[in-house]
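By convention here, the first residue in the shown sequence is residue 1.
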Amino acid sequence: MKKVVLIPDSFKGTMSSEEICDIMESAIVKHYPDIEIVKIPVADGGEGSVDCFLKAVGGKKINVEVCNPYFEKINSFYGLLDNHTAIIEMSASAGLPLIDKLNPFGTTTYGVGELILDAIKNGATRIIMGLGGSSTNDCGAGCFSSLGAKFFDENNREFVPTGGTLSRVKKIDLSTLKENTKNVEFITMCDINNPLYGQNGAVFQFSRQKGATDDTINLLENEVKNFAKIVEKELCFCDVNFEGAGAAGGMGFGMKAFVNSKIQMGIDTVLDIVNFDKKITDCDLVISGEGKFDSQSFSGKVVMGVANHTKKFDVPLIAVVGDIDDNIESAYEKGVTAIYSINRVAKDFCKVKNRAKNDLMLTVDTIFRTIKMCDR
């Protein structure tokens, strides 16, 4: 055993991906002190994504003053990689933790656009946008306003739309936005498949956590529907049902409609940016993991995303997970070699979460005791 690649997702509520990598490493080197360990912490586009990418491939964190969800100035950040790629967390300027009062009718993504614009001024030619944790429901209109888009009401007055004023938009001018973003590639990390509107859309599925109520949710839904109609009329973009359109208060829809962003799963973005295929061509084993391995794991989550690549190169893949559901045996046909649960005492999550780090260490230790015995 000469080289191992570690690429786990976080275990929500217990350990970050970076912590998991470090714990796994400490268990492995006890048995193979000279082994090469490549650690690739994973984030899904939400909080911590910038740090994960910088840890995995290098680069620097850029600090910049932008608007928070209520147009108030705050200190924010993004990551700038060495290959002219910027990593931006939407939540760093439009996130729920940034505000005390929840109001999806009044919050804005304006600061997200300011982060993008600063990254472009610093030489970024590729923007990777991580969606998640937003306090907004403006379909990204605020973001695109700060990038140069002009929104006009029925009296031809320009304004910056928020979630509660989307229906006031009657005309859109993208000439300045296109100039500011020319020759820039956009990729949006999105791990949900919700459409823009409807019972499974942005408003009905996610706006209550942002402050919408039973009395106001239909009003917010109508704002989004009216905005989509104007976007179709002005931009000739009518796809409201693609997977991820409803992510982050319709930001997924906006990214595709306004800047022609590619929408893809977070793990696919990570594997591309870190040049994963090259890293595993000479390795003996890959270890991945996630909080629970169940039917949802087959829909673009980390372990199966990794398996799609390890299978191509015939590299063994072990999944170390928090818990294992029934009926997951097809994972073995899709590239997973073995699945181990760290739930050593077989109890509910609430009873074992405080011992998760030690249980992870002991589980990986057991795996490598077995590997070492086989080596002999």
Side-chain angles (χ1 to χ4, degrees), residues 45-47 50 62-78 86-122 124 127-153 157-169 171-181 184 186 188 202 206-207 210-211 220 223-224 227 230-231 234-235 247-259 261:
E47 186 178 353
V50 168
I62 306 295
N63 296 301
V64 59
E65 186 179 72
V66 300
C67 288
N68 76 355
Y70 284 120
F71 295 97
E72 302 162 338
K73 289 297 183 180
I74 60 168
N75 294 317
S76 189
F77 62 89
Y78 60 90
I87 310 296
I88 294 175
E89 298 173 15
M90 180 185 180
S91 58
S93 56
L96 283 165
L98 299 177
I99 58 175
D100 295 324
K101 182 180 178 181
L102 301 177
N103 179 13
F105 289 85
T107 46
T108 183
T109 54
Y110 194 88
V112 181
E114 291 179 301
L115 291 175
I116 294 173
L117 206 55
D118 194 80
I120 294 172
K121 289 177 181 177
N122 276 315
I127 304 292
I128 294 180
M129 173 64 64
L131 304 187
S134 79
S135 63
T136 55
N137 209 89
D138 69 352
C139 296
C143 169
F144 307 120
S145 291
S146 59
L147 284 176
K150 293 179 172 61
F151 297 91
F152 300 92
D153 65 14
R157 291 177 299 199
E158 185 182 351
F159 73 106
V160 178
T162 62
T165 59
L166 291 173
S167 62
R168 285 177 50 200
V169 178
K171 189 172 71 173
I172 303 172
D173 180 356
L174 294 188
S175 54
T176 303
L177 178 146
K178 289 181 177 178
E179 179 64 24
N180 288 339
T181 60
V184 177
F186 287 87
T188 300
F206 305 113
S207 67
K210 304 174 185 184
L220 197 61
E223 294 289 334
V224 171
F227 185 68
I230 293 299
V231 168
E234 294 287 297
L235 309 186
M251 186 73 173
F253 168 79
M255 289 298 292
K256 194 168 184 180
F258 284 81
V259 294
S261 177

Practice problem: Compare every heavy atom of Gly133 with every heavy atom of Pro97, then report the nearest pair and how far apart it is. | Solution: CD-O, 4.5 Å
Practice problem: Using only heavy-atom distances, determine whether the side chains of Lys150 and Thr176 contain a donor-acceptor pair under 3.5 Å. | Solution: yes
Practice problem: Under the salt bridge (Lys or Arg N to Asp or Glu O under 4.0 Å) rule, collect the residues that match up with Lys73, sequence neighbours excluded. | Solution: Glu114
Self-check item: Backbone N/O of Val64 and side chain of Ser76: donor-acceptor pair under 3.5 Å
Solution: no
Quiz prompt | Leu131 to Ala248 - nearest heavy-atom pair and separation | solution = CB-CB, 4.0 Å
Quiz item: Listed by chain and number, what are the side chain to side chain donor-acceptor pair (under 3.5 Å) partners of Tyr78, not counting sequence neighbours?
Solution: Asp118, Asn122
Quiz item: Quick one: side-chain contact (heavy atoms from CB on, under 4.5 Å) partners of Ile172, sequence neighbours excluded?
Solution: Phe151, Val169, Leu174, Ile230, Val231, Glu234, Leu235, Phe258
Exercise. Return the set of residues passing side chain to side chain donor-acceptor pair (under 3.5 Å) with Lys171 (not counting sequence neighbours), or none when no residue passes.
Key: Asn156
Quiz prompt | Set of residues satisfying side chain to side chain donor-acceptor pair (under 3.5 Å) with respect to Asn103, sequence neighbours excluded | solution = none
Quiz prompt | Heavy-atom side-chain proximity of Met129 to Phe186 below 4.5 angstrom | solution = no
Exercise. Give the C-alpha distance, both sets of side-chain angles, the deciding distance and a yes or no for side chain to side chain contact (heavy atoms under 4.5 Å, CB included) between Leu98 and Ile74.
Key: CA-CA 9 Å; Leu98 299 177; Ile74 60 168; 3.9 Å; yes
Exercise. Mind checking the CG-CZ spacing from Leu166 to Phe105? Nearest 0.5 Å is all I need.
Key: 10.0 Å
Self-check item: Partners meeting side-chain contact (heavy atoms from CB on, under 4.5 Å) with Ser167 (sequence neighbours left out)
Solution: Glu223, Asn226
Quiz prompt | Donor-acceptor contact present, side-chain Thr109 to main-chain Cys143, <3.5 Å | solution = yes
Practice problem: For Leu147 and Gly113, work out which heavy atoms get closest and say how close. | Solution: CD2-O, 3.5 Å
Exercise. Could you grab the distance from atom CZ of Phe253 to atom OG1 of Thr188, nearest 0.5 Å is fine?
Key: 13.0 Å
Quiz prompt | With sequence neighbours excluded, residues passing salt bridge (Lys or Arg N to Asp or Glu O under 4.0 Å) with Glu179 | solution = Lys182
Practice problem: Would you check, one step at a time, whether the test side chain to side chain contact (heavy atoms under 4.5 Å, CB included) holds for Thr162 with Phe71? | Solution: CA-CA 11 Å; Thr162 62; Phe71 295 97; 4.2 Å; yes
Self-check item: side chain to side chain donor-acceptor pair (under 3.5 Å) involving Asp173 - partner list, sequence neighbours excluded
Solution: Ser175
Quiz item: Nearest 0.5 Å, what's the NZ-CG distance between Lys210 and Leu220?
Solution: 9.0 Å
Practice problem: May I have all residue pairs that pass salt bridge (charged side-chain N to carboxylate O under 4.0 Å, His left out) and include part of residues 87-108, sequence neighbours excluded? | Solution: none
Quiz item: Between Arg157 and Phe152, is NZ or CZ placed under 6.0 angstrom from the six-membered ring centre and within 45° of the ring axis?
Solution: no
Quiz item: Excluding sequence neighbours, so at least two apart, what forms side-chain contact (heavy atoms from CB on, under 4.5 Å) with Ile99?
Solution: Pro69, Tyr70, Leu102, Thr107, Ser135
Quiz item: Checking Thr181 side chain against Leu177 main chain: does a donor-acceptor pair fall under 3.5 Å?
Solution: yes
Quiz item: Any sub-3.5 Å donor-acceptor pair from Ser93's side-chain atoms to Val112's backbone N or O?
Solution: yes
Self-check item: Distance-minimising heavy-atom pair for Val224 and Cys139
Solution: CG1-SG, 4.2 Å
Self-check item: Polar side-chain atom of Thr136 near backbone of Asp138 as donor-acceptor pair, under 3.5 Å
Solution: no
Quiz item: Taking the side chain from Asn63 and the backbone from Phe77, do they hold a donor-acceptor pair closer than 3.5 Å?
Solution: no
Quiz prompt | Spacing of OG belonging to Ser261 relative to CD1 belonging to Ile127, to within rounding of 0.5 Å | solution = 10.0 Å
Quiz prompt | Where Ser134 and Leu96 come nearest, the two heavy atoms and their spacing | solution = O-CG, 3.6 Å
Quiz item: Quick one: side-chain contact (heavy atoms from CB on, under 4.5 Å) partners of Ala202, sequence neighbours excluded?
Solution: Asn137
